[in-house]
Amino acid sequence: GIYMDEGKSGTTTKGRSEFKRMINDCREGKIDLIITKSISRFARNTVDTLKHLKFLKELNPPVNVWFERENLFSLNEKSGILIKLLSAIGQEESVNISESIAWGKRSLAQRGIVRPAKVGYGYMYGDNKQWLINKEEAKIVHLIYDLFESGKNYHQIRDILTERKSPTPGGQKHWCVSTIIRILTAEEYRGNYIYQKTHTGTALEKKRMINKGQLPMYYVEHHHEAIIESERWEKVQDKIKTAQIERQNNVEEYPEDSGKNEVFSKRLYCSKCGGVVGYSRAIYRQKFSLLSKKNIWNHKSNFCEYMHL
């Protein structure tokens with residue numbers, strides 16, 4: 001059979017469904033010889049290469065891998081050192097290519113030229129990959145701002161949009177609070193763009209994470225046509241900050257005691273984003289000085305919709 005992952009990087013096995021299917025077929029005894037063009041086509045990660053070759057070797061019967069370009073067979077004892085060396089070279093080449101591409105993008109960003117990989121909600125690509133306003137989605141963006149300025153909170157806006165069956169950015173049936181917050185706070189809706197707010201970590205891990213100073217960020221003004229006027233956007237940010245301060249003032253520290261549940265501390269993780277889930281308690285002072293105590297499991301994440309469990 002032929003196993004081919006189109007458009008997938010060999011720096012990790014994550015997302016390589018065909019590679020995993022091939023390994024599984026080897027486990028089931030369907031394959032006794034794998035023919036691949038080169039070591040870099042098998043994997044561009046030294047650890048993955050050696051791990052899977054060891055796994056194939058230990059099968060009963062063992063599965064041989066022929067690297068055509070290097071003319072090496074994995075079960076040949078004399079090939080072991082060369083495979084390790086060439087695998088390390090292939091990994092280094094992949095890292096260098098990734099770093100060169102990233103450097104080129106940062107150089108363009110310094111001159112105010114950015115090409116985001118994904119267009120924001122309310123926009124669409126033009127013929128030259130420029131951001132153009134999507135009129136139908138822009139109406140929903142305006143509605144979100146209108147509702148917020150009229151006094152609706154995030155949850156109420158979410159419910160209204162879901163009830164109206166307004167199309168979501170990801171095509172889901174229900175709107176999320178995190179999506180509402182992002183639309184209300186993102187610079188892109190007033191025509192500006194912040195490049196490199198997130199990054200993918202190392203060239204091998206490719207895990208999306210928030211940029212906390214590891215890399216420079218670039219603020220590009222007038223990157224595209226604005227959906228929301230800049231003055232209106234600023235007023236919304238002020239209102240959000242005021243609401244945050246009010247919420248903080250209404251929360252009192254829970255008195256320290258031995259009753260806090262720490263049995264599962266740093267042992268539970270969110271299935272959606274992988275973030276650590278923790279136990280928290282707070283006292284909220286409502287209107288007329290009424291106190292409300294909340295004990296919840298939650299985790300802090302700017303990307304995950306399941307912040308509270």
Side-chain angles (χ1 to χ4, degrees), residues 1-103 117-118 198-211 214-215 264-277 299 301 303-304 306:
I2 298 176
Y3 304 84
M4 180 171 58
D5 289 303
E6 295 187 14
K8 299 294 183 180
S9 172
T11 56
T12 176
T13 56
K14 293 180 180 179
R16 297 181 66 187
S17 58
E18 286 294 287
F19 180 86
K20 292 177 180 178
R21 185 169 72 89
M22 179 186 70
I23 295 298
N24 188 59
D25 286 348
C26 291
R27 183 186 292 109
E28 295 178 356
K30 298 178 181 180
I31 300 174
D32 58 3
L33 175 65
I34 297 174
I35 300 175
T36 182
K37 184 178 180 180
S38 65
I39 293 175
S40 61
R41 296 296 180 182
F42 186 79
R44 285 182 176 268
N45 185 313
T46 304
V47 174
D48 283 342
T49 300
L50 299 181
K51 180 180 72 174
H52 286 96
L53 290 180
K54 182 176 182 292
F55 169 78
L56 296 173
K57 182 179 179 180
E58 292 175 349
L59 291 175
N60 186 20
V63 177
N64 206 355
V65 182
W66 178 36
F67 301 104
E68 187 178 6
R69 178 184 294 173
E70 296 86 358
N71 194 26
L72 296 173
F73 288 87
S74 62
L75 295 183
N76 188 332
E77 296 297 335
K78 296 181 180 179
S79 301
I81 296 177
L82 274 176
I83 290 174
K84 291 179 182 179
L85 177 62
L86 295 174
S87 177
I89 293 174
Q91 174 179 309
E92 189 63 25
E93 288 179 352
S94 179
V95 170
N96 289 338
I97 291 172
S98 296
E99 290 179 348
S100 297
I101 293 173
W103 179 86
K118 186 177 180 181
T198 62
H199 64 96
T200 54
T202 65
L204 298 178
E205 292 180 356
K206 299 292 183 183
K207 183 178 180 180
R208 178 66 58 181
M209 57 186 70
I210 299 174
N211 185 358
Q214 298 91 337
L215 295 172
F264 297 104
S265 294
K266 297 183 180 180
R267 295 183 183 179
L268 298 179
Y269 299 87
C270 176
S271 61
K272 182 76 174 180
C273 69
V276 177
V277 176
H299 67 292
S301 173
F303 297 99
C304 186
Y306 303 111

Is there a donor-acceptor contact under 3.5 Å from the side chain of Asn64 to the main chain of Ser74?
yes
If you compare all heavy atoms of Leu59 against all heavy atoms of Cys26, which two are closest, and at what distance to 0.1 Å?
CD1-O, 3.6 Å
When rounded to the nearest 0.5 angstrom, what is the spacing between CG in Leu53 and CD1 in Ile39?
8.5 Å
Test: salt bridge (charged side-chain N to carboxylate O under 4.0 Å, His left out). Region: residues 62-89. Which pairs qualify, not counting sequence neighbours?
Lys57-Glu77
Hey, is NZ on Lys37 packed in by over 12 heavy atoms from elsewhere, all under 6.0 Å?
no
With under 30° as parallel and over 60° as perpendicular, where do the rings of Phe42 and Phe19 fit, or are they tilted in between?
perpendicular
Identified side chain to side chain contact (heavy atoms under 4.5 Å, CB included) partner of Val63 from the options Leu75, Asp32, Ile31, Leu33:
Ile31
Minimum heavy-atom separation for Glu18 to Met4, with atom names?
CG-O, 3.2 Å
Quick check: are there more than 12 heavy atoms from other residues, nucleotides or ligands sitting under 6.0 Å from CZ of Arg27?
yes
Are side-chain heavy atoms of Ile34 and Leu56 found at a separation under 4.5 Å?
yes
CG (Leu86) and OG (Ser40) are apart, to the nearest 0.5 Å, by 9.5 Å
Is there a side-chain contact between Asp25 and Tyr3 in this structure, where contact means two heavy atoms from C-beta onward sitting under 4.5 Å apart?
yes
Closest heavy-atom pair, Asp5 versus Ser17, reported as atoms and distance to 0.1 Å, is OD1-N, 3.3 Å
Pairwise distance CE(Met22) to OG1(Thr36) - rounded to 0.5 angstrom:
7.5 Å
Kindly indicate whether the side chain of Leu72, heavy atoms from C-beta on, has any atom under 4.5 Å from the side chain of Trp66.
no
